[in-house]
*Asks:* 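Pasting a structure below so you can have a look.
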Amino acid sequence: MAAKASEIAQLATALVRVLDDDGRAVGAWNPQLPTEALVQMLEHMLTVRIFEDRMFRAQRQGKTSFFLKSLGEEAVAVAGTHALDADDMTFPTYRQPGILVARGCSLIDMMCQIYSNRGDRLKGRQLPVMYSSRAHGFFGISGTLGTQCPQAVGWAMASALSGDTRIAATYIGDGATAEGDFHHACVFAAVYRAPVIINIVNNQWAISTFSGVAGAELTSFAARAIGYGIPGIRVDGNDALAVYSATQWAAERARANHGPTIIELFTLRVEGHSTSDDPSAYRPQQSAADWPLGDPIDRLKRHLNVTAGWDDARHAALIERITSQVRTAQREAEKLGSMGAGDVLNFAHEVSSMFDDVYETMPWHLVEQREQMLAELEAAVSCQ
Amino acid sequence: MAAKASEIAQLATALVRVLDDDGRAVGAWNPQLPTEALVQMLEHMLTVRIFEDRMFRAQRQGKTSFFLKSLGEEAVAVAGTHALDADDMTFPTYRQPGILVARGCSLIDMMCQIYSNRGDRLKGRQLPVMYSSRAHGFFGISGTLGTQCPQAVGWAMASALSGDTRIAATYIGDGATAEGDFHHACVFAAVYRAPVIINIVNNQWAISTFSGVAGAELTSFAARAIGYGIPGIRVDGNDALAVYSATQWAAERARANHGPTIIELFTLRVEGHSTSDDPSAYRPQQSAADWPLGDPIDRLKRHLNVTAGWDDARHAALIERITSQVRTAQREAEKLGSMGAGDVLNFAHEVSSMFDDVYETMPWHLVEQREQMLAELEAAVSCQ
Amino acid sequence: MPVMNMIEALNSAHDVCMEIDPKCVVFGEDVGYFGGVFRVTAGLQKKYGRKRVFDTPIAEGGIVGAAIGMAAYGLRAIAEIQFSDYIYPAFDQIVSEAARIRHRTAGEWSLPLTIRSPYGGGIFGGQTHSQSPEALFAHSAGMTTVIPSNPYDAKGLLIAAIESNDPVIFLEPKRIYNGPFDGHPERPVAPWSKHPAAEVPDGHYTIPLGKAAIARSGSDVTVLAYGTMVHVAITSADEQGIDAEVIDLRTIVPLDIEAIEGSVRKTGRCLVLHEATRTGGFGGELAALVQERCFFHLEAPVARVTGWDTPYPHALEWAYFPGHVRVGLALKKLLES
Amino acid sequence: MPVMNMIEALNSAHDVCMEIDPKCVVFGEDVGYFGGVFRVTAGLQKKYGRKRVFDTPIAEGGIVGAAIGMAAYGLRAIAEIQFSDYIYPAFDQIVSEAARIRHRTAGEWSLPLTIRSPYGGGIFGGQTHSQSPEALFAHSAGMTTVIPSNPYDAKGLLIAAIESNDPVIFLEPKRIYNGPFDGHPERPVAPWSKHPAAEVPDGHYTIPLGKAAIARSGSDVTVLAYGTMVHVAITSADEQGIDAEVIDLRTIVPLDIEAIEGSVRKTGRCLVLHEATRTGGFGGELAALVQERCFFHLEAPVARVTGWDTPYPHALEWAYFPGHVRVGLALKKLLES
Ligand SMILES: Cc1ncc(C[n+]2csc(CCOP(=O)(O)OP(=O)(O)O)c2C)c(N)n1
Ligand SMILES: Cc1ncc(C[n+]2csc(CCOP(=O)(O)OP(=O)(O)O)c2C)c(N)n1
Ligand SMILES: [Mg+2]
Ligand SMILES: [Mg+2]
């Protein structure tokens, strides 16, 4: 940790890499992980990709209202999570389903959320992919960008002042770093030396605007760290080993009470922002082969090829196993309904459940409104 | 400009000074100003100090509700303003009355604002020292910290896109840099290369908290600039020549369309935050002789001593002239009333004026409320 | 006469203003090159250049803060907040600054500033793409808050807002961007083209801020509504066969109190509608005003139909939305009491 | 029984909670070493240490954002916003986050979080040290909003707020920190010591959130008030010799609707008071509710007395404040109609 700290100033504008073009792990940041760990990472990244591919198609088939992929960014969430302890807390954005996958969340559970169906633990309240899973240390996603950052810092402050060793990791997109909340998070993290990792996922796009509109033409996002006196590291986000290693370094620092780290994960949003977006209106089409940093899955696969005899047959078998798991999960999830399954007035959830959890105990005005709603629904039915 | 730009990286954590301990102007940042310009600066700084001293006492005598000094920080506002063009726009905080003084605003006008009296152009609407003066390129002060920063950037963006050569300068306290607005200002300034100077007045205190609570223990405030790819300069804020020179450099840069500069002005809030504050509860008393960077007025005076034969007699005469001007102004201002002059219900302003300027044309509900208020005041009088 | 949907009409309002007044500038997240996520500013950057139409960083507080500075400089700033659910980071700049600068500087500065933002539900946007925050701005003295309900009004009101020398919040009911909505989610979306208010002149015209319109005349009950709810009100009255007068407020502050009083004095009954959560919503203000000013004409209490006091639930959207059933029941009850 | 002013009572509430529950943490601008600009947290850092009582950077959004994180961790977070005029930078964290996290996570996380802030005018604080933003929070489903009017209630309500598992906005009427205020600015300030509600037990007790108190019983008219206005209401009724029942709401959401209905059914008349600007203020909600629920008992429209729809003007403060004259006139008019 100390040795690497001396490089700190440059790290904010450099690009930390471990995997070279031949798939070899090189340099000081090589985390020297055992093969099983690498295979598991690969499996989790593939799971995310296959899962998202299917759910994207499900949305296109009208089975839910909205979907959004992390295609090309799988290493960011998966490898980062592998470097955290299982009970470290995460405050992600919508683009890190890899955290849930890496922590073993059931795919059915995630799909039910996407379908807002009877199995959705969030009771149909949230837009697809706005997961919440306390069991997996995954804070409920907000649709509002940036808000999770100071929350993560507060959680980390609370952990530190409680003498707990758990740390927090938060994620924010390149675009959202322009929000005041990002600044608040950095100031508070610095001032209280909070045990937190602030991950800036620079996928180079914020809907239709390239990262220059967020300031990337002038310096790196990791350089923001310098202004707060926080270590900042710019990492190749498509290099799972580099992501792992930088995260591990930051996590150890935080756990040893040396304070926060800002990690910029340089990657690429390969597809549109979401199913509501058509990127052909603002940028040229790219094929996976052209991804500037390479496909993170291919790169890890190549590494396993070179170092552990991972061959195409095993890779294909893994893909097949995952695909079949995903397919099974989807079937199970769809048994519990999907949004497009009935008409819009055929609700998967007890409608009155929307009044639950507004407060711990329901106040009179919500009780009244709930009754009014039920009467209204009855009237609607009797009209038909 | 180019020569100095090469030093930029270090400037954010260094301390730019011109005046040495013997009062000589040394080094690359010496602005080489003619004596008359220096004497005028001295006069403006002295005016601020004498003016504030009297107004502070007026508040203590019950002539107004509130007051706040810039004691020890006179060089920041005065020397900075001298380096700007007269029609450059400023977006200050409450602690830069020196801008108005340096731009020749009448002291009576300022006093009337402080007294909220009949002469107050702001019609008694604003807390004392929350001046506004379009004629002097001085944007109306907000009580809410930090908001002026992105406004200044927007003004500068507008100037640039209109092909105007005027630039904007804004000021923010060390404490208030923690606000999201500061971050927004920096991001927008960087992205649009706005012709703006963002001055961070690090007077080491924010009411009762020292600048460490805003992050100063980890790095300088000027270092924030690095994270945005903006040049940042840390300047001895009690060295009028250094303040002048850094401002001039930044202003030329901005006017030449090279974009924004962040200047940290390191100084000291010598007294309490305001008349509502008792600093003895949170920090030891200091005498002027102990000010870490020296009294900015003494330092400029010494420089004139050494380089222009400015002697104690001339200095005393200048003080006397200013004191008498301030006294005369005060007498004139008080002829127009002061807050404590009558009872609290004896208003210096047409009370119905509070309904003006809420909108360009008064809507019906304000017309009705104004009538109701007048009826109420009549009833109050007839009760007595 | 050209036929436009609401997006086209709003786009045309921008175009007309930018053409006439070189001081107009348009900006916001994804507003420039892309033309806005709802395409309201499509084509403007190409036509007027990147200096006058540009993308901003994702920082609503920065957008409004910079817009205030631009307006203080003398430009006419037109800012888009991508969804009104995301206007809160700009709340301080709006209520502490934009709303107050004319007053606190005693008129030294005024702010020709329009903040546009899509609002409301009905598109399965979940809790952060469905909110109706109008009441918050109505409570901020100095702000004008405008909500159109059809293409013709949208264009005329937006031009009036842009030309106003005061800051205006301009909330666009996103559910009816592409067609009026009768409150029946199960029916196919009707396009604007069949609606008379889709006839929108190409050129410049304004609809005065602070003036309501009678969207449906009637004599038995007055319905106060704005945005999407105007259409729901009309459908509900038609369906129930109730002779309701539907007043489309168009501007909620300043309010067209004369139109309201005139109608309520005539009908003696009043129903107030909005999609926003009920408690503390603008319906409270409307109900309060109506009973203060028309009490002795009222034959029944002023009733409110609103969204529930919960976040807008994604999949349960159509149990949340105050649709034709809720409005119809309220109308019937009001006429029975 | 100890006699306390409101500041002492609030300080004692903190002390009691911190003593009982090691999970309580207190923070805000100038809150730690200095003990707060109004001294509400004086002595706490010394007693409980810098880990549990600390100063924060000047960033209200950061304060509330971090507080949410702390509460999500499991602490009981007690944050001070120095003046409620400065709560707007935290508005997004409050309404988009604090208010919604229990709901959006279906109860996976709840937030034991209290945000205290002095509000209201009457101290020549000018437009940014005088505001009353309660209506904004009342419109945010998920928030509880509490406003005490005397030392005894302040302590009991604050302990209840701190012990609540939901986020609470706790607004403290700064004008009556040091003594009750009858609406006569020309009179010397009366200290709390002469007021019965200044008798405050040293130890733990709570006043339930959502329950009003009858501050003055009467039978001719019901006055709904909270904070400073409770005292103005009592004085005005006394001065006018009107048999008014003054209800101190104490919590505005959830509201004690039974207490309100009970009183209005009895008196048949209702006056609603607040210091906040009128349009869109919480008075609108109150008036709407009262006429919805007690219409056929009302002999006159529900009336409102409020601050004007302008910024709070520094030197004209006492023409702005809804004092005894404005309230007195309204009471008389209400009884005459
Ligand atoms: C406060 C806020 N403003 C605007 C939006 C609308 N919005 C949703 S995603 C997005 C782009 C985010 O870009 P980035 O932060 O880079 O994350 P990415 O989508 O690339 O992962 C925008 C503007 C929002 N959700 N919240
Ligand atoms: C948004 C906001 N939060 C809090 C305050 C209360 N307040 C007034 S001055 C002050 C300290 C400011 O310190 P700094 O920015 O260093 O400026 P200085 O007073 O030292 O010039 C605080 C917290 C405020 N005015 N605005
Ligand atoms: Mg991005
Ligand atoms: Mg300071």
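Order of the sequence lines fixes the chain letters, A, B, ..., with proteins taken first and strands second; residue numbering starts at 1 for each chain. All of these numbers come straight from a predicted model, not from anything done at the bench.
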*Asks:* Assert yes or no for the condition that the ring centre distance of F321(D) to F181(D) is strictly below 6.0 Å.
*Replies:*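 Ring centres of F181(D) and F321(D) closer than 6.0 Å.
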*Asks:* Can you check whether H183(B) and Y228(B) have ring centres sitting under 6.0 Å from each other?
*Replies:*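 When the ring centroids of H183(B) and Y228(B) are compared, they turn out to be within the sub-6.0 Å range.
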*Asks:* Against chain D, label S352(B) side chain, backbone, both or neither, depending on which of its atoms sit under 4.5 Å from a heavy atom there.
*Replies:*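 When you check distances to chain D, no heavy atom of S352(B) falls under 4.5 Å.
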*Asks:* Do you know which of A375(B), S353(B), G173(B), P128(B) has the most heavy-atom pairs with chain D at a distance under 4.5 angstrom?
*Replies:*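 Among A375(B), S353(B), G173(B), P128(B), the one with the most close pairs to chain D is P128(B).
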*Asks:* Any non-hydrogen side-chain atom of K332(D) less than 4.5 Å from a side-chain atom of V327(D)?
*Replies:*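 Answer no - side chains too far apart.
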*Asks:* Under a 4.5 Å cutoff for heavy-atom pairs, which residue among G126(D), P57(D), G323(D) has the most contacts with chain B?
*Replies:*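 Looking at each option in turn, the highest pair count goes to P57(D).
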*Asks:* Identify which part of H324(D) has an atom lying under 4.5 Å from any heavy atom of chain B, answering side chain, backbone, both or neither.
*Replies:*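 Neither part.
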*Asks:* Please determine, among Y282(B), F182(B), Y359(B), Y115(B), the option with the most heavy-atom pairs under 4.5 Å with chain D.
*Replies:*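 So the answer, after comparing Y282(B), F182(B), Y359(B), Y115(B), is Y282(B).
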*Asks:* Check whether V358(B) gets within reach of chain D through its side chain, its backbone, both or neither, counting any heavy atom under 4.5 Å.
*Replies:*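 Interface part for V358(B): side chain.
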*Asks:* Between E239(D) and chain B, with a heavy-atom cut-off of 4.5 Å, which part of the residue counts as in contact: side chain, backbone, both or neither?
*Replies:*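 Neither part; nothing is under 4.5 Å.
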*Asks:* Side chain, backbone, both or neither: which part of T279(D) has a heavy atom under 4.5 Å from chain B?
*Replies:*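 Side chain of T279(D) only, per the 4.5 Å heavy-atom cut-off to chain B.
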*Asks:* Out of W308(D), W318(D), Y86(D), which one racks up the most heavy-atom pairs below 4.5 Å with chain B?
*Replies:*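 Of the candidates given, the most pairs with chain B belong to W308(D).
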*Asks:* Any chance the rings of H274(D) and F282(D) have centres within less than 6.0 Å?
*Replies:*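 No, the ring of H274(D) stays outside the 6.0 Å limit from the ring of F282(D), centre to centre.
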*Asks:* Dump the intermediate steps for side-chain contact (heavy atoms from CB on, under 4.5 Å) on L224(D) and L273(D), then the final yes or no.
*Replies:* CA-CA 6 Å; L224(D) 305 181; L273(D) 306 183; over 6 Å; no
*Asks:* Determine whether F67(B) and E52(B) make a side-chain contact, defined as any pair of heavy atoms from C-beta on separated by less than 4.5 Å.
*Replies:*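 When only atoms from C-beta onward are counted, E52(B) and F67(B) do touch, with a gap below 4.5 Å.
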*Asks:* Please flag which part of L366(B) lies under 4.5 Å from any non-hydrogen atom of chain D: side chain, backbone, both or neither.
*Replies:*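 Side chain of L366(B) only, per the 4.5 Å heavy-atom cut-off to chain D.
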*Asks:* Please lay out, stage by stage, how E172(D) and Y119(D) fare under the test side chain to side chain donor-acceptor pair (under 3.5 Å).
*Replies:* CA-CA 6 Å; E172(D) 301 167 1; Y119(D) 88 97; over 6 Å; no
*Asks:* Could you look at H365(B) and say if it's the side chain, the backbone, both or neither that has a heavy atom under 4.5 Å from chain D?
*Replies:*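 Contact with chain D involves the side chain of H365(B) alone.
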*Asks:* Flag the pair F355(B) / Y320(D) as yes when their ring centroid distance falls below 6.0 Å, and as no otherwise.
*Replies:*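 Aromatic pair excluded; centres sit 6.0 Å or further apart.
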*Asks:* Indicate, with yes or no, if the rings of Y171(B) and F91(B) have centres closer together than 6.0 Å.
*Replies:*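 Distance test on ring centres: not under 6.0 Å, no.
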*Asks:* Let me know if L329(D) has heavy atoms under 4.5 Å from chain B in its side chain, its backbone, both or neither.
*Replies:*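 Answer is side chain: those atoms of L329(D) sit under 4.5 Å from chain B.
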*Asks:* Is chain D contacted by the side chain of D277(B), its backbone, both, or neither, given a heavy-atom distance below 4.5 Å?
*Replies:*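 Side chain of D277(B) only, per the 4.5 Å heavy-atom cut-off to chain D.
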*Asks:* Can you tell whether the side chains of R125(B) and D357(B) come within less than 4.0 Å, N to carboxylate O?
*Replies:*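 Between D357(B) and R125(B) there is a salt bridge, with a charged N closer than 4.0 Å to a carboxylate O.
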*Asks:* Answer with side chain, backbone, both or neither: which region of P185(D) has an atom nearer than 4.5 Å to a non-hydrogen atom of chain B?
*Replies:*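 Contact with chain B is through both the backbone and side chain of P185(D).
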*Asks:* Select one option (side chain, backbone, both, neither) describing which atoms of A206(B) are under 4.5 Å from chain D's heavy atoms.
*Replies:*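 Its backbone and side chain both get close to chain D.
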